[in-house]
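Here's the structure we're looking at; comments come further down.
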Amino acid sequence: MFGIPGKQAVTLTSAAAKQIVKLMDREGHQGLRIGVKKGGCAGMEYTMDYVDETDPLDEIVEQDGARVMIAPMAQMFLFGTQIDYEVSLLEASFKFNNPNVTEACGCGESIKFEGM
């Protein structure tokens, strides 16, 4: 919808792709749907949900066996984002390296976009 021909809307690091494949295989899901919603201290939050059925309006990104669907209303906010998966002593989580974010809260869970 908001893409550039020949360029994926989002990219995945190899760590993120491996984790998504693991999650897909564990329960037989078709992939993960990512989006954004209002909430958090900066105004918006990322969402991730298992997908068992694709929506024809979703942007589908497939990389290294992983499948990510981008919800229609989130496509313009996520274009150009790199998704990583990081493991530390205290947590393991997906990280969104999004060039469209203009502000983030201190905990990193909430984001803000230009004009929002």
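From a predicted model like this one, the values you see are computed outputs, not experimental measurements.
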Gap separating the [atom1] atom of [X] from the [atom2] atom of [Y], nearest 0.5 angstrom:
X	Y	atom1	atom2	answer
Ile20	Leu32	CD1	CG	5.0 Å
Ile70	Met76	CD1	CE	13.5 Å
Ile83	Thr13	CD1	OG1	9.0 Å
Phe77	Tyr46	CZ	OH	10.5 Å

Qualifying residues under salt bridge (Lys or Arg N to Asp or Glu O under 4.0 Å), relative to Glu62, sequence neighbours excluded: Arg67
Listed partners of [X] passing side chain to side chain contact (heavy atoms under 4.5 Å, CB included), at least two apart:
X	answer
Val51	Gln30, Arg33, Met69
Asn97	Gln82, Asp84
Gln19	Lys22, Leu23, Tyr85, Phe94
Ser14	none

Summary of ring pair (Phe, Tyr, Trp, His ring centres under 6.0 Å) pairs that have at least one residue in residues 51-72, sequence neighbours excluded: none
Of all the heavy-atom pairs spanning [X] and [Y], show the shortest one and how long it is.
X	Y	value
Gly35	Ala74	CA-CB, 3.5 Å
Ala66	Ala17	CB-O, 3.6 Å
Glu59	Gln75	N-NE2, 3.3 Å

What side-chain hydrogen bond (donor to acceptor under 3.5 Å, both in side chains) pairs are there with at least one residue in residues 47-57, not counting sequence neighbours? His29-Asp52
Less than 4.5 Å apart, any side-chain heavy atom of Phe96 and any of Val10? no
Count I, L, V, M, F, W, Y as connected when their side-chain heavy atoms are under 4.5 Å apart, and connections chain through other members. Are Met48 and Leu78 then in the same cluster? yes
The criterion is side chain to side chain donor-acceptor pair (under 3.5 Å); which residues satisfy it with Thr81, sequence neighbours excluded? Asn98
Gln63 side-chain N/O to Leu12 backbone N/O, donor-acceptor pair under 3.5 Å: yes
